[in-house]
Q: 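Quick one: this structure, given as structure tokens, is what I'll be asking you about.
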Amino acid sequence: MRQKVTRRTLLAAAALLCSAGRSTLAAAAQRGRPATVTPLKTLFACRFKIGMAVDPNDLRDEVTRDLVLRHANSVTAENVLKPHIIGAREGVYDFARGDALVAFCRRHAIAVRGHTLVWHQNAPDWFFRGDRSDPVAYRALVRRRLERYVTDVVTHYRGKVYVWDVVNEVASLKDGEVYRDSPWYRALGPDFIEYAFRAARAADPDVLLFINDFGTEEPAKRQRLLTIVKSLLAKGVPLDGVGHQLHMTTPTDPDGVDTALTAVEALGLKNQITELDVSFYKDPQSCYTDAAQCLPSLRRGSQEVGDQLGAQALLYGRLYRIFSRHPSVQAVTTWGAGDNGSWLSTFPTRRLDLPLIFDETGLPKPAYEAIRAASSTA
Ligand code: XIL
């Protein structure tokens, strides 16, 4: 008897093939290199891309390069695609480091996340120069510069970058305020966001366009970002998804992440986890303006560090379980590859912080084991 082929049976067959392929790949990886672990990209092959944020210089380090090649099928430029590097001077572009990263990724069939076109940090001054006494002319001037920059950069990387964080961290941190006060906001009001998205879409009709922010796991910050997202959608702005940075600390409650992913799905948008790491330290807010207020460094090899690594593994496991439950999550990127290359060793202050899934020598940490266990539910 012929069975009717429905979309559901097709999907079930595809899922079966995908998981069979995944176990074969995992087994082959184990057989070939007994001392190494199954690549993360294999564990989640049927679910989402695995990303790591690095710069071309980091790839000279063998530990970092090996981790990227072994585990990642997506790479985010940690810094080299930011405006202060590409566009330090008006009309003069320095694509050298960005191009080097893209070339490495193309050689190894790794997708590239573009990060980021518009950010309040490191926005070069030339964007905002001009005579402010004529507000209409000044606005038009800054808008033209913004659109020119976005058009040129997105055009340069057309077909090479699969998703852009068009704007980064535009939601306010303050109660009662939706948009973050920034040079962009002061020059153009909230419209700079719309201008950037429209210019990006015009330059590349196929690239995914994301709004990226931190703190989406917290209700107040999430509400502010969602207010911005809804207003963009209401205006027909071409927005494909929300990037959740997820710079976490061990006491973070992961349920807020679940809520954030669901809220974005309800708007019909995609999700990506863009900058995941789990710090040992939950600092007071004052630490970000006065390093003396930051928590003191833990001692390497101490009981506290052991406890933190355990708590970190627990949180990583819970997070990857949540990511796996949301088909809208397309990619999960950690902000770095191994603990040797994390920005948290120097930010917000110089101290021991081991926030990633692999240690400073590239070996898997307890977090890796927790994630591997979570992958069986993917
Ligand atoms: C950080 C980089 O990791 C650092 O090397 C650089 O000095 C500053 O920027 N949120 C973001 C990232 O969106 O771009 C930041 O990256 C980390 C916080």
Side-chain angles (χ1 to χ4, degrees), residues 51-61 64 67-68 72 74-88 97-98 100-101 112-124 153 161 163-173 179-180 182-184 193 196 209-218 221-222 224-225 228 241-249 252 257 260 271-279 281-283 285 287-289 291 294 331-351 353-358 360:
M52 291 174 172
V54 289
D55 279 331
N57 269 348
D58 304 327
L59 293 166
R60 296 203 190 130
D61 168 65
T64 306
L67 284 173
V68 168
S74 174
V75 151
T76 303
E78 184 171 352
N79 289 297
V80 298
L81 294 182
K82 289 174 179 168
H84 69 294
I85 293 191
I86 290 185
R97 283 162 282 179
L101 187 70
V112 181
R113 288 197 92 253
H115 175 84
T116 172
L117 295 167
V118 181
W119 192 25
H120 64 280
Q121 268 190 41
N122 304 335
V153 175
V161 160
V163 51
W164 273 106
D165 289 334
V166 178
V167 297
N168 192 31
E169 303 179 347
V170 295
S172 174
L173 302 157
Y179 295 91
R180 175 197 281 272
S182 74
W184 288 113
I193 303 174
L209 302 179
F210 270 56
I211 185 168
N212 193 49
D213 217 321
F214 63 87
T216 55
E217 65 280 9
E218 290 159 15
K221 181 72 186 290
R222 177 165 65 243
R224 287 177 217 127
L225 184 67
I228 297 174
V242 174
H244 308 259
Q245 293 187 4
L246 302 195
H247 292 293
M248 321 232 84
T249 61
T252 307
V257 174
N271 283 299
Q272 294 202 358
I273 310 305
T274 53
E275 307 186 14
L276 178 61
D277 50 21
V278 181
S279 170
Y281 307 95
K282 185 160 178 53
D283 293 299
Q285 202 51 43
C287 150
Y288 295 93
T289 44
C294 299
V332 176
T333 295
T334 50
W335 205 244
D339 283 336
N340 56 322
S342 169
W343 70 307
L344 294 177
S345 314
T346 53
F347 179 88
T349 184
R350 190 173 286 277
R351 65 188 164 187
D353 205 355
L354 307 171
L356 294 165
I357 302 165
F358 301 95
E360 291 153 303

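Only a predicted model underlies this, so the values are computations on that prediction, with no experimental measurement involved. Atoms within a ligand are numbered from 1 in the order they appear, just like the ligands themselves. The chain is numbered in sequence order, starting from 1.
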Q: Asp213 and side chain to side chain donor-acceptor pair (under 3.5 Å): which single residue from Lys221, Arg180, Gln245 fits?
A: Lys221

Q: Output side-chain donor-acceptor pairs under 3.5 Å for residues 343-350, partner residues at least two apart or in another chain, one line each.
A:
| residue | atom | partner | partner atom | Å |
| --- | --- | --- | --- | --- |
| Trp343 | NE1 | Asp277 | OD2 | 2.9 |
| Ser345 | OG | Ser342 | O | 3.1 |
| Thr346 | OG1 | Trp343 | O | 3.4 |

Q: Is a donor from one side chain sitting under 3.5 angstrom from an acceptor on the other, for Thr274 and Asn212?
A: yes

Q: At a 4.0 angstrom heavy-atom cut-off, what protein residues surround ligand 1?
A: Glu78, Asn79, Lys82, His115, Trp119, Asn168, Glu169, Gln245, His247, Glu275, Trp335, Trp343

Q: Using modelled atom types and a 3.5 Å cut-off, is there a donor and acceptor pairing between side-chain atoms of Asp55 and backbone atoms of Val80?
A: yes

Q: Rounded at 0.5 Å granularity, tell me how far CG in Asn168 sits from CZ in Phe214.
A: 9.0 Å

Q: Checking His244 against Thr216: is there a side-chain donor and acceptor pair closer than 3.5 Å?
A: yes

